[in-house]
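Just below is one structure, and these are the notes that go with it.
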Amino acid sequence: MSFAELGLSSKVLAAVAASGYTVPTPIQAQAIPHVLQRRDVLGIAQTGTGKTAAFVLPMLTLLEKGRARARMPRTLILEPTRELAAQVEENFARYGANSGLSVALLIGGVSFGDQDAKITRGVDVLIATPGRLLDHFERGKLLLTGVELLVIDEADRMLDMGFIPDIERICKLVPFTRQTLFFTATMPPEIQRVTEQFLHTPIQVEASRPATAATTITQALVHTRSHPADKRETLRHLIRSAENLKNAIIFCNRKTEVALLHKSLVRHGFAAVALHGDMDQRSRMAALESFRNGEMTLLVASDVAARGLDIPDVSHVFNFDVPIHADDYVHRIGRTGRAGRSGWAFTLAAPTDKKHVAAIETLIGNAIPWTGDPLPVEEGEEEAPRRGARPRRREEPKGRDREPARGGRKEARPAPKDAEPARPPRERPEAHKPASEPKRPHRHREEPDEPAVIGLGDHVPSFLLQPVRRKARSPA
DNA sequence: AAAAAAC
């Protein structure tokens, strides 16, 4: 099977060839001929299956006939996130370089002016996130009555994000006679209902993931305590000791944690950038670009980056937090091991994450192996000998002597918020110690921006490099 | 429980 057999125009075929592709992916082979015949298509496919090109290429071919009119886009593509929308735009730029088509990207976080000007001139392809699209529409600057083809991408994710009402509204604003291409990775009942409502006798095409997670992605769970400072330390050691680490995406559950971790990693000398939805759009784009082009090797991200992002060469994924939704786990680790490459996915798991880990293992159908030893903290987890003593509960290390009593040792802390008292200057972490470094009997609870402790602390990754050696109780 | 997306 070759692209030439699918009915694409010579211009498009030339652009595909220039990009170095010769063989269509299954979803492309199945969908493209139907799109060209102007059928509605229901594509059940994840990213990484070549789904984007499955609609971009035939759209380019179809759009060669006809011309855009002012304020009346001919085609409309809806994406759940700004980054995905921008990614689709890049696909049009790549494959449509010689087509002379005008493409506009309507996403939030950037000024209306340029977007408006483009729409007014007339665009062949409008790529949008729902909020900004409706905003333009409500301002009366955009007419959707000329849309011949509508693409709804990542529909199940739109559902997760509460976009379905917007999608339904938009579907009613475009002509009934339009062609609709609808892509989703899963088919929950709500999505089923939407497809029945808005697709006309669709051709259903399905593409399984190019390679299952099990075959190309090596997964592992890593024991950690649940306090962020402990996790950051564990992560640093994990990154430093990872083999074949080319670059990595590090996922956190919260935007605040993304920001903190990013700052901490930079402080520790890592080439890291952050990506989350509270950042301004310019920074988001810049971060993604610097990670894509290899300038930065670590991308600390919220789940905004969990799905769909096409960065073909990510060697590692680290889950700094265990994702709360099991399916997010699958999406996150799917950022590595792409295009037939090998990938590694490490998930930091604290005893408190047990439940979520179990849900993930149920979903993926097998147990994720642990790397190294369980931490001693797990023993007697429920006993919580000292927990009540502190005003704000946090995950205290359970072993005795971990957290010295107030005023007991040099670690005594004046302020509740971990404000560190003056401490002898410590060595920078870049000169981190080999695993044979003798462990400290007491623990440090370092503030994110504090220089790191010498050595590993008694609690950290003996498991990474050492043979099984249960931690001795700290000498009293 | 949190993320994303509109100002």
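Numbered from 1 within each chain, the chains take letters A, B, ... in sequence-line order. Just so it is clear, the structure is predicted and the values come from calculations on it, not from any experiment.
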Nearest whole angstrom, please: distance from the [atom2] of [N] to the [atom1] of [X].
| X | N | atom1 | atom2 | result |
| --- | --- | --- | --- | --- |
| A:Asp278 | B:dA6 | CG | P | 13 Å |
| A:Ile107 | B:dA4 | CD1 | C1' | 13 Å |
| A:His331 | B:dA4 | NE2 | P | 15 Å |
| A:Asp327 | B:dA3 | CG | P | 16 Å |
| A:Gln115 | B:dA6 | CD | C1' | 11 Å |
| A:Asp321 | B:dA3 | CG | C1' | 12 Å |
| A:Met158 | B:dA4 | CE | C1' | 11 Å |
| A:Leu133 | B:dA6 | CG | C1' | 11 Å |

Apply side-chain contact (heavy atoms from CB on, under 4.5 Å) to [X] and list each qualifying residue two or more places apart in sequence or on a separate chain.
| X | result |
| --- | --- |
| A:Thr362 | none |
| A:Ala104 | A:Lys118, A:Val123, A:Leu126 |
| A:Ala358 | none |

- Query: Is A:Lys51 salt-bridged to A:Glu79, cutoff N-O under 4.0 Å?
  - Reply: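 Between A:Glu79 and A:Lys51 there is no salt bridge, as every charged N stays at least 4.0 Å from the carboxylate O atoms.
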
Under 4.0 Å, heavy atoms only, any strand: does [X] hit a base, just the sugar-phosphate, or nothing?
| X | value |
| --- | --- |
| A:Asp166 | nothing |
| A:Gly109 | sugar-phosphate |
| A:Arg307 | nothing |

- Side-chain N or O of A:Thr129 closer than 4.0 Å to phosphate OP1/OP2 of B:dA6: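 Checking B:dA6 against A:Thr129, a side-chain N or O does come within under 4.0 Å of OP1 or OP2.
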
- Item | Distance below 4.0 Å between A:Arg82 side-chain N/O and B:dA3 OP1 or OP2 |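 The answer is no; no side-chain N or O of A:Arg82 sits under 4.0 Å from OP1 or OP2.
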
- Message: I'd like to know if A:His325 reaches the base of B:dA1 with its side chain such that a donor and an acceptor end up less than 3.5 angstrom apart.
- Response: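 Such a pair exists between side chain and base.
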
- Task: Sorted by first residue and then second, give each ring pair (Phe, Tyr, Trp, His ring centres under 6.0 Å) pair with at least one member in residues 128-167 of chain A; sequence neighbours left out.
- Result: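 Every pair satisfying ring pair (Phe, Tyr, Trp, His ring centres under 6.0 Å) with a residue in residues 128-167 of chain A: A:Phe112-A:His136.
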
- Task: Decide if atom CD of A:Gln197 counts as having more than 12 heavy atoms of other residues, nucleotides or ligands within a radius under 6.0 Å.
- Result: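 Enclosed.
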
- Item | Enclosure of A:Arg69 CZ (heavy-atom neighbours >12, cutoff 6.0 Å) |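 Not buried by this count: 12 neighbours or fewer within 6.0 Å.
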
- Tell me which residues in residues 296-306 of chain A put a heavy atom below 4.0 Å from DNA chain B, sorted by number, or none.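 Here the set is A:Ser302, A:Val304.
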
- Query: Between residues 83-91 of chain A and DNA chain B, which residues have a heavy-atom gap below 4.0 Å?
  - Reply: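 Heavy-atom contacts with DNA chain B come from no residue of residues 83-91 of chain A; none.
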
- Query: Does a donor on one side chain and an acceptor on the other come within less than 3.5 Å for A:Thr186 and A:Asp156?
  - Reply: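 Result is yes, a qualifying pair exists.
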
- Task: Flag the pair A:His356 / A:Tyr329 as yes when their ring centroid distance falls below 6.0 Å, and as no otherwise.
- Result: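 They do not qualify: ring centres at least 6.0 Å apart.
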
